[in-house]
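Here's the structure we're looking at; comments come further down.
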Amino acid sequence: MMNNLFDITNQVVVITGGTGILGRCIAKYLASQGAKVVIMARRVELGQKIVDEIKGNGGEAMFLKTNVMDKAVLEGNLNDVLSQYGRVDALLNAAGGNMPGATIPPDKTIFDLDPDDFKKVMELNLIGTVLPTQVFLRPMAKQQSGCVVNFSSMSAFRPLTRVAGYGVAKAGINNFTAYMAKEVASKFSTHIRVNAIAPGFFLTDQNRTLLTNPDGSWTQRAKDIIHQTPMGRMGEPEELCGTIHYLISPASQFVTGTVAVVDGGFNVFSI
């Protein structure tokens with residue numbers, strides 16, 4: 001029997017989108033718990049600043065500039081990780097985003113949707129999860145252990161207004177997660193798990209203009225979200241850390257193919 005089911009000491013955890021508000025919060029937390037964190041993103045200066053902060057607090061981390069849409073770049077990232085740490089224990093696919101042309105605001109219709117932007121949003125969120133999984137799953141298959149945590153969304157469960165392309169992509173994430181759970185367990189090892197986390201509504205750089213007015217007050221959309229959330233508020237980034245910790249720890253060793261919802265009750269509430 002394990003003494004500490006939540007022990008992640010020395011686990012090598014790769015985080016794509018690691019400089020985002022949610023990604024950086026999770027990275028700092030996991031490092032504080034003894035994990036060796038690899039922050040992967042496009043923003044070099046910010047990424048290095050996060051790494052310096054983690055190291056300044058006694059943690060272990062490295063930053064790698066990446067492009068989740070370029071498999072060759074990801075292969076180079078993997079080589080750097082293996083050179084530094086020799087293994088990969090967990091991959092958090094937190095990279096993603098949206099574009100105005102892939103949304104349908106109240107004053108527009110489906111005929112105004114930009115197919116190019118729609119495609120880009122689909123690729124960034126869905127293909128930008130598939131490619132890192134292909135690359136970083138390889139050492140897990142070799143070592144016969146590891147876990148992948150994909151980032152889903154409330155828009156994967158119900159068609160939220162505006163976010164047409166994003167919602168379709170995140171619904172694909174849920175399906176991909178379930179598919180890969182069976183794929184890796186049956187073909188590589190039952191000690192490799194694939195799950196997803198579905199955050200509710202958290203204020204980030206990506207959604208700030210949708211949820212806040214220039215003076216910092218909530219928009220009507222934000223008020224509607226809070227009204228729909230039984231806990232009556234937006235989430236705090238730190239409130240994702242416990243679920244992520246659980247999903248990459250031995251505590252969830254019989255959990256695979258699931259989507260863990262962290263939303264203050266948003267998804268289960270109805271009038």
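Numbering of residues begins at 1 and proceeds along the displayed sequence. We use all heavy atoms of the structure for the numbers below, so side chains are in, but hydrogens, waters and symmetry mates are not.
Although no hydrogens or angles enter the test, the distance criterion places a donor-acceptor pair under 3.5 Å between the side chain of Asn195 and the main chain of Thr258. Within the 3.5 Å criterion, the main-chain N or O of Thr109 finds a donor-acceptor partner in the side chain of Asp112. Under a 3.5 Å cut-off, the side chain of Thr103 and the backbone N or O of Pro105 do not form any donor-acceptor pair. Although no hydrogens or angles enter the test, the distance criterion places no donor-acceptor pair under 3.5 Å between the side chain of Asn93 and the main chain of Asn150. The main-chain N or O of Val88 is found under 3.5 Å from a side-chain atom of Gln143 such that the two form a donor-acceptor pair. A donor-acceptor pair is defined here as one N or O able to donate and one able to accept, closer than 3.5 Å; such a pair exists between the side chain of Ser252 and the backbone of Leu247. Of the possible polar contacts, none joining the Asn213 side chain to the Asp215 backbone as a donor-acceptor pair under 3.5 Å is found. In terms of modelled atom types and a separation under 3.5 Å, the side chain of Thr256 and the main chain of Val194 share a donor-acceptor contact. Judged purely by atom type and a 3.5 angstrom limit, Asn98 has no side-chain atom pairing as donor or acceptor with the backbone of Val163. In this structure, the side chain of Lys170 engages the main chain of Phe151 through a donor-acceptor pair within 3.5 Å.
One finds a salt bridge joining Glu239 and Arg233 here, because a Lys/Arg side-chain nitrogen approaches an Asp/Glu carboxylate oxygen to under 4.0 Å. Taking the charged nitrogens against the carboxylate oxygens, Asp89 and Arg87 do have a contact shorter than 4.0 Å, which makes a salt bridge.
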Item to complete: Output, in order, the C-alpha distance, side-chain angles, deciding distance and verdict of salt bridge (Lys or Arg N to Asp or Glu O under 4.0 Å) for Asp205 and Arg208.
Response: CA-CA 5 Å; Asp205 295 334; Arg208 192 175 303 276; 3.7 Å; yes
Fill in: Chi angles and distances behind the side-chain contact (heavy atoms from CB on, under 4.5 Å) call for Phe63, Val38
CA-CA 6 Å; Phe63 173 79; Val38 180; over 6 Å; no
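Shown here for Tyr166 and Val121, the closest heavy-atom pair between the two residues is N-CG1, 3.7 Å. Scanning all heavy atoms of the two residues, the minimum distance from Met69 to Glu123 falls at SD-O, 3.2 Å. Across Ile21 and Pro237, no two heavy atoms sit closer than the pair CG2-CG, 3.8 Å. Minimum heavy-atom separation, Gln11 to Ser249: NE2-CA, 4.4 Å.
No side-chain N or O of Thr229 forms a donor-acceptor pair with one of Asp263 less than 3.5 Å apart. With hydrogens and angles left out, the side-chain atoms of Gln84 and Asp80 include no donor and acceptor closer than 3.5 Å. Thr66 and Arg42 form no side-chain donor-acceptor contact under 3.5 Å, judged by distance and modelled atom types alone.
In the hydrophobic cluster analysis, where Ile, Leu, Val, Met, Phe, Trp and Tyr join through side-chain heavy atoms closer than 4.5 angstrom, Ile15 is grouped apart from Leu131. Following chains of ILVMFWY side-chain contacts shorter than 4.5 Å, one cannot reach Ile54 starting from Met62, and the two form parts of different hydrophobic clusters.
No more than 12 heavy atoms of other residues, nucleotides or ligands lie within 6.0 Å of CD in Glu45, so this atom counts as exposed by the packing criterion. Heavy-atom neighbours of Phe269 CZ from other residues, nucleotides or ligands within 6.0 Å: above the threshold of 12.
Counting heavy atoms from C-beta on, the side chains of Phe136 and Val148 never come closer than 4.5 Å. Residues Pro132 and Val68 meet the side-chain proximity criterion, which asks for heavy atoms closer than 4.5 Å.
Applying side-chain hydrogen bond (donor to acceptor under 3.5 Å, both in side chains) to Glu53 and the options Arg24, Lys28, Gln48 leaves one that passes, Lys28. The side-chain hydrogen bond (donor to acceptor under 3.5 Å, both in side chains) test with Asp7 is passed by exactly one of Asn4, Thr9, Asn10: Thr9.
Relative ring orientation between Tyr246 and Phe6 is described as tilted, the plane-to-plane angle lying within the 30° to 60° band.
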